[in-house]
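Worksheet: the structure to be examined is printed underneath.
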Amino acid sequence: MADASRPSDEATPAPKLSAVEVAKEASNYLLGDMPQELVDGMAGFSKASVQLLKNHGTYQQDDRETRKKSTDGKKSERQISFMIRTCVPGGKLTAEQLLSAIDMGDELGNGTIRLTTRQAIQHHGVVKGELKDFMQQVHANQMTTLAACGDVERNIMCCPAPLHGNGVHSEMQAKADELARHLAPRTRAYYELWLTDPETGEKSRVAGGSEEIGPDGSAVVEPIYGRTYLPRKFKTGFALPEDNCIDVYTNDLGFLAIHESGRILGYNVLTGGGLGVTPSAAKTFPALAKRLGFVPPEDVLAIAEAVVKVQRDFGNRSDRKVARLKYTIHTMGLDAFRAKVEEYFGKPLAPCHPADVHGFDDHIGWHEQGDGKFFYGFNVENGRVHDTGDFRLKTALRLILQNLRPGVRITSHQSLLFTDLAITDRERIAEILHAHGVKTSEEVSTLRRWSMACVALPTCSLAVAESERVLPGLIDSLEPEVAKLGLSQEAFTLRMTGCPNACARPYNSDIGIVGRTAGKYTMFLGGRLLGDRLNEQYKDIVPFEDLCREITAVLTCYKTERQQAETLGDFCHRKGVANVRTWADEWLAGARGRETTAS
Ligand code: SRM
Ligand code: SF4
């Protein structure tokens, strides 16, 4: 593939590199001082290593609640531990791999695991002294944490449905796997650091070491990324027009599979999606990906590589707030960006196929696979697998995995699909779940099923408000209100995050609730299940205690004024968020009046 020259810096001096860029540059392909720091007896790593570690799939964190407990006026000592994210391309794994991940959570983590909004697995609470053991167990499990975080291609998402009827899903899933392998970093640092046997010095190779030889005769370590990798995280996803379950438009790079008669003709290439914002920096914004062009299946790897390389060479390396691909496109302009991608790609891009997303399926419940077997979409609230009191989801999952040995897939809604089942397994699964105080998906309300919350407190260092720990309670109070309105069967997305970074994708949902400050949230309305429209701010600084009433007011407005079969998001968008607010505020004032009269 022809590689165009990088931008010239002859005319203007290059802006100062960000500290993360400096650390990457000095790291010798992501190794840095980590080998020494790993065994220095300290609880954590240096600032530079903390940045490099992300590319190895781990974040240094501390329990923020323990931090707060200092009462003597002094700064409390931070209890450092690590969050570790394991890649699961397209969410596909085996029963053994998931069982092992659950065991590792018990043995080395905080006793839980978390299924993420990008179909991966997170562990929390691993201490530094056990990081290496953890990574070796992940490797023994034939998985990797390399590039689960960091300035590289992250876990590639793909519709996980095991539908074998016409071959389209399997073909797309195989393409996503191929691309994940193609874009995996080749550095040997990962196995130098984590997989070297301390006694024999023997290394188990995971992804490393390119065979490519450069013009000077030396091996090219990272043929795609180069020495300093990408300016920022990079995310890719694969979806189908009739099923955008992975929210393809929120990815830096999206592939929408265009198919006819059971054959994928090619992919519409979408670029520049990304949701995170910093409210104090007006230059930041959420964006949905833009339609760039169409490629046949055999060009997917080449076009992805071209887009990645353009971002590598033209993305902002001095200001990380505006370093994602969406800002590169915004700065260059879409046409200039497309021209540059075509230059790297080596040929012009065909225009996009007119097809676009028109459906969405979370794959929850029982479904035929098309090969005589069945799969069961099992709702895991906020992706957290735990045993707490009478609710023993972790134990129930263990039993299902051990007894039935199903295939497993993680959805981008933080839930699970058990695959390759017989219909006779239905009763057995329900029995196991009920015996452990867990509801089947069929018993979970539509409202809860379509909700998501990010991790937030106590582990996330960026959280300003609660999310995972409070959304279940909010839904408990909303469920009777929704039932009273006769909307229990209505599917709409309710997504909550503990800060504006948007890890549960609140900005294209029907109702987005985003942490603003402790106990207060910004509400957004007017996105939709299809994921192809950003929502708009509805109200700011709403106390958590008011959220139930505020949402009930919006739903009452929807119930009263909607047109037939109109979804909540479409209704809010058509009526206008300001008009919904006026209506809902009048209703709330009336409701308060009625309460006063009644008392
Ligand atoms: Fe995220 C940072 C958790 C999906 C946008 N995200 C974080 C960190 C690592 C906090 C940090 O930097 O210290 C969070 C770890 C908290 C913890 O204690 O576990 C975190 N993000 C998550 C997960 C686990 C949320 C979940 O509930 O599942 C998701 C892991 C996905 C994965 O498996 O790879 C997760 N994060 C997302 C998504 C959704 C998506 O990708 O589909 C987004 C919005 C899409 C996007 O990228 O724009 C997202 N996370 C961010 C951002 C904002 C990025 C930006 O461009 O502004 C940050 C902060 C940053 O990068 O500086 C962030
Ligand atoms: Fe943390 Fe914010 Fe992401 Fe939630 S949205 S996990 S609070 S960074």
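Bear in mind the structure is a predicted one, so any value in this text is a computation, not a measurement. Both ligands and their constituent atoms are indexed starting at 1 by order of listing.
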Answer yes when [X] and [Y] have at least one side-chain N-carboxylate O distance shorter than 4.0 Å, and no when they do not.
X	Y	answer
R114	E468	yes
K54	D151	no
K326	D252	no
D247	R118	no

Can you confirm whether more than 12 heavy atoms, excluding those of [X], are under 6.0 Å from its [atom1] atom?
X	atom1	answer
Q537	CD	yes
K439	NZ	no
H386	NE2	yes
K539	NZ	yes

Please check if any side-chain donor atom of [X] sits under 3.5 Å from a side-chain acceptor atom of [Y], or the reverse.
X	Y	result
H573	N535	no
S49	E37	yes
W194	H139	no

What protein heavy atom lies closest to [atom]? Include the residue and the distance to one decimal.
atom	value
atom 12 (O) of ligand 1	Y59 CE2, 3.3 Å
atom 33 (O) of ligand 1	T116 OG1, 2.6 Å
atom 44 (C) of ligand 1	A502 O, 3.3 Å
atom 3 (Fe) of ligand 2	C503 SG, 2.3 Å
atom 13 (O) of ligand 1	S461 OG, 3.2 Å
atom 43 (C) of ligand 1	K235 NZ, 3.4 Å

Looking only at non-hydrogen atoms, which of [options] approaches [atom] most closely?
atom	options	value
atom 26 (C) of ligand 1	Q122, H123, H413, R114	R114
atom 46 (C) of ligand 1	Q61, K54, R324, K233	R324
atom 30 (C) of ligand 1	R85, R232, M83	R85

Would H124 count as a polar contact of ligand 1, with the cut-off being nitrogen or oxygen pairs under 3.5 Å?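 N/O-N/O distance below 3.5 Å exists for this pair.
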When only distance counts, is G276 in polar contact with ligand 1, meaning an N/O pair under 3.5 Å?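 Yes, G276 has an N/O under 3.5 Å of an N/O on ligand 1.
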Checking only N/O/S atoms, does C503 have one that is under 2.8 Å from atom 1 (Fe) of ligand 1?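 It does; at least one qualifying atom falls short of 2.8 Å.
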Under 4.0 Å from a heavy atom of [X]: give me the atoms of ligand 2 that qualify, with their elements.
X	result
C454	4 (Fe), 5 (S), 6 (S), 7 (S)
C460	1 (Fe), 6 (S), 7 (S), 8 (S)
A502	5 (S)
G498	4 (Fe), 7 (S)
A463	7 (S)

Judged by non-hydrogen atoms, does [X] sit under 4.0 Å from ligand 1?
X	answer
M452	no
R320	no
L462	yes
R154	no
A504	no

Non-hydrogen atoms of A456 versus ligand 2: any pair closer than 4.0 Å?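 Flag set, A456 near ligand 2.
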Below a 4.0 angstrom heavy-atom separation, can you tell me which part of C499, side chain or backbone, both or neither, approaches ligand 2?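 Near ligand 2, C499 shows its backbone as well as its side chain.
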Part of A504 with heavy atoms under 4.0 Å of ligand 2, whether side chain, backbone, both or neither: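 Answer for A504: neither.
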Is the cationic atom of R312 (NZ for Lys, CZ for Arg) positioned less than 6.0 Å from the six-membered ring centroid of Y225 and within 45 degrees of its normal?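 Cation-pi check for R312 and Y225: fails.
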Relative to the ring of W450, is the ring of F360 parallel (under 30°), tilted (30 to 60°) or perpendicular (over 60°)?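 The rings of F360 and W450 sit tilted, inter-plane angle from 30° to 60°.
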Contact between K394 and L397 at the side-chain level, heavy atoms closer than 4.5 Å - yes or no?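 In short, these two side chains do not touch, never coming nearer than 4.5 Å.
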State, with a plain yes or no, whether a side-chain heavy atom of L325 is found less than 4.5 Å away from one of I329.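 Side chain of L325 against side chain of I329, heavy atoms only: contact under 4.5 Å found.
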By number and element, which atoms of ligand 1 are closer than 4.0 Å to a non-hydrogen atom of A120?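 This gives 33 (O) as the contact atoms.
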Which bit of [X] gets closer than 4.0 Å to ligand 1, counting heavy atoms only: side chain, backbone, both or neither?
X	result
T117	both
Q414	side chain
A453	backbone

